[in-house]
Amino acid sequence: MQSSPTAETKKISKLEQFSIWFNQEKILGPALVAPAVLILLLLIAYPFCVAIWLSMTDKVIARSDTGNFIWFANFTKLFKDSIFQRTTINTFNYALVSVFFKLILGLLMALVLDEVKIFKNFFRGILLLPWIVPTSLSALGFLWMFDSQFSILNRFLLDWGLIQEKIIWLGTPATAMISVQLVNIWRGIPFFGISLLAGLQSIPQELYEAADIDGASAWSKFWNVTFPLLMPVTAVVTLFSIVQTFADFQIVYVLTRGGPVNSTHLFATLTHQTAILAGRLGEGAAVSLFMFPILVIAVILQLRYLQNQD
Amino acid sequence: MKERKDLTNRLQNGKISRRDFIKLMLATGASATAIGGVLAACAPEPAATAVATSAATEAVAAATEAVAKPLSVEGKLTMKLRAAFMPQGNEILKVIVEDWGQKNNIPVEVDITSMNDLQTIAATAAETGAGPDIIEINQGSAHLFAEKLADVSDVCDDLGSRYGGFYTAAEEACKVNGAWLSVPRFFAPHAISYRTDHFATIGASVPKTWEELYEIGKALVDAGLPPIAFPLGHAVGDGNDFNYSVLWSHGASDVASDGKTVTIDSVETRAAIEYMQRLFSVMPADTLSYDDASNNRAFLASAISATNNASTIWGAARNQSTKYKTKDADGKEVEKNLHEVTDHFVYPEGPAGRVTYAEFMSSAVFSYSKNVDAAKALLTYLNEREQLTPWVNPNLGFVFPTLMGVKDDLLMPWNTTPKLAPFKDYAETSHLPGFPSTNFRSGTDAYAKWVVVDMFASVCGGLASVDDAIATAKALLEESYKA
């Protein structure tokens, strides 16, 4: 049975009407963005607002009452708390040193990978491994490597005559911090390496050819062509890395639990200890929010830089 | 009977897995008690627990009947239990729970997980009001989660009246304002594991006091033998156990009996720190980085001569036939079984006698649970003698019952195996952080912050002077006990 021609035109025109209406930018744009915004609101904005609220209450875990509103008492208390003071220094030390080395070594990795012409994908693949392996698993592997009795690192260093006696990697504040930083750097290099490699490959070859004609040295080509053109990618990658490293948890939790004597506690591990183990949600939220202003400053600096580039 | 003997032979010869063994034995109608006894005896050195086997096989008690009142659950009865370090103990526990589920026609889901994960699971469950029906929680956590826990006083009163009451530490941990909010489950009792051969070489006998232990440590170093080693790192079980025990047995404490006044700045604390510094001088420096597994590894590798631990070092050495190297009469290097030269002694006494830290677990039923009655029935069942014995026995001393009346049972490992005897009286001298007060809520807070461990560690590691370490601890404790 065929539908009458008039009905069909009517149907099509209705569909068309909808399609014309939907294709307007002011409708289509928001509609496409809506799912992402919804997810952000639900998973980022809502918990974030709750955390701000919690940080200004004396809420304790597993109590029915929502806690008393105490303004900034948690924050002022933290300023006087010796563990928190130590944690702040640790977090800055951990993040800044790690990101610095990740950037330098990641850049080196990108430059080398860019030159590799054989088995290109193979090398890129295996160098990405540290980044792909779940952090807690690789941290467990490092726990063995740093073990005071059976450390393979010590074994090599002793055999090569670089040290005279065993280093107690996780037992003194300085070496424990270096150890957790080493793991973080090891894990983060591929992220920098691969991102910067993509940046390198987007630099037009003509610029290098022009530089060659001008008789530029390798160093001068790097400094005058590669470096400035790589800067936007570097800025974004560094921003991401700073955010992630400041909020790091797993490596320290697995390797030291913040010890010895709180010398490797980071904001995130102290938050876990305060909010979950000691049950003081309000204070724990305040610890985690201390990261926030630092990260905002980092984001603003980077964004401003990118805008200037445009 | 012949069938069971065959199965036992196959287990002993390694031809059948423990899990299959338990299942097949149950199928022959053997009681869990008998199976537990065989499992305990079937580690590589059966001689030590031969008593257990014969006694166990004779004690084939009638299978426990299902609980009279029919139980029902909504969905499944779910639980998260702490993994013991003895695999055979976890296996039989699972079977006992599943067996109960079958008898009562209740679907059960048991998950055996590590202690550190349990605490996060419990905190999340308490805060969100959703999660497993039963969660095993550690130390004084019942005080932390009090408002979200179901009252289990009827279960505890019933068990207590039948089995001689609970130990003080169990009551400290689970009784909040007069009501039982968690069913005491087990202590992981500690003693000092030591090398009998090294002690013999220097002519040392078992030390009665901390002072004597230091002398032994010094003699071992002087003789060039592996040193004593006690954890000063963030080792949840062993670190707290050792450091709190040293503090308390020197007559010091973090808080007064009123639960408010911080008493860490005392002559006794100074004496304890002074002692710890001396002890550290004869210990390897890496004890500052020890986690709960480090001392086990070091002992099993013959790198240390003594450390504090549950019975698991000896148990693992026995389970895995760990070897150590020594010289025979002709001076030839030979390998021997480590567990033969491993023994235990009770924690030494300080000026204030023997006071020890309780490493303790209890089973909490969360009030969000729709299956509170079934959970209570299961917890009663699990802690009855008939089910307690087959589970405690193959754990070879790693778990210690919280009911006072069962420790003298013939089948308990410390009564069948002389090397486990030092664990028998551990629970009597044990307490929770917050002792000598009853403010275990704040005591747990201070414990979570590692205040006591870090106080000792910072002085031993040269990070702080005695005065500074005490001042730091005091400030942190005042925060904890203010709440």
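A, B, ... follow the sequence lines: proteins, then strands. Residue 1 opens every chain. Remember, it's a predicted structure, so these values are computed and weren't measured experimentally. Computed from heavy atoms alone, side chains included, the values below leave out hydrogens, waters and symmetry copies.
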Residues of residues 55-63 of chain A within contact distance of chain B, non-hydrogen under 4.5 Å: A:Lys59, A:Val60, A:Ile61, A:Ala62, A:Arg63
Under 4.5 Å from a heavy atom of chain A, the part of B:Tyr290 involved: side chain
Chain A contact via B:Leu232 - which portion, at a heavy-atom distance below 4.5 Å: neither
For chain B, which residues of residues 38-52 of chain A have heavy atoms nearer than 4.5 angstrom: none
Option that, when pairs with chain B are counted at under 4.5 Å, heavy atom only, ranks first among A:Trp169, A:Phe146, A:Trp144: A:Trp144
A:Ile152 atom CD1, neighbour heavy-atom count above 12 within 6.0 Å: no
Any residue meeting side chain to side chain donor-acceptor pair (under 3.5 Å) with B:Ser294, in chain and number order, not counting sequence neighbours: B:Asp291
Separation of A:Ile276 CD1 from B:Thr124 OG1 (nearest 0.5 Å): 5.5 Å
A:Phe150, part contacting chain B, at a heavy-atom distance under 4.5 Å: side chain
Top contributor to chain A interface from B:Gln119, B:Met455, B:Lys148 [non-hydrogen pairs under 4.5 Å]: B:Lys148
More than 12 heavy atoms of other groups within 6.0 Å of A:Asp159 CG: yes
Crowding at CZ, A:Phe240 (>12 non-hydrogen neighbours, <6.0 Å): no
Between NE2 on residue B:His234 and OG1 on residue A:Thr269, distance to nearest 0.5 Å: 10.5 Å
Portion of A:Thr256 that has a non-hydrogen atom of chain B nearer than 4.5 angstrom: backbone
Value rounded to 0.5 Å, distance of CG in A:Leu281 from CD in B:Glu127: 5.0 Å
A:Arg280 to B:Lys449 - nearest heavy-atom pair and separation: NH2-NZ, 3.4 Å
Close approach to chain A in residues 457-471 of chain B, criterion heavy atom under 4.5 Å: B:Ala457, B:Ser458, B:Leu463
Which atoms of B:Ala475 approach chain A - backbone, side chain, both or neither, heavy atom under 4.5 Å: neither
Region of A:Lys80 that comes under 4.5 Å of a non-hydrogen atom in chain B: neither
B:Lys474, NZ atom: more than 12 neighbouring heavy atoms under 6.0 Å: no
Region of A:Leu277 in contact with chain B, defined by heavy-atom distances below 4.5 Å: both
Side chain, backbone, both or neither of A:Phe84 within contact of chain B (heavy atoms, under 4.5 Å): neither
Atom group of B:Arg441 that falls short of 4.5 Å from chain A, counting heavy atoms: side chain
Whether over 12 other heavy atoms sit under 6.0 Å from A:Phe156 CZ: no
Beyond-backbone contact of B:Leu288 with A:Ile168, side-chain heavy atoms, under 4.5 angstrom: no
Flag if over 12 foreign heavy atoms under 6.0 Å of CZ, A:Phe191: yes
Value rounded to 0.5 Å, distance of CH2 in B:Trp450 from CZ in A:Arg257: 7.0 Å
Segment of A:Leu143 engaging chain B (4.5 angstrom heavy-atom cut-off): side chain
Heavy atoms from other residues, nucleotides or ligands near NZ of B:Lys260 exceed 12 (cutoff 6.0 Å): no
Gap between atom CG of A:Asp81 and atom OG1 of B:Thr472 - 0.5 Å precision: 10.5 Å
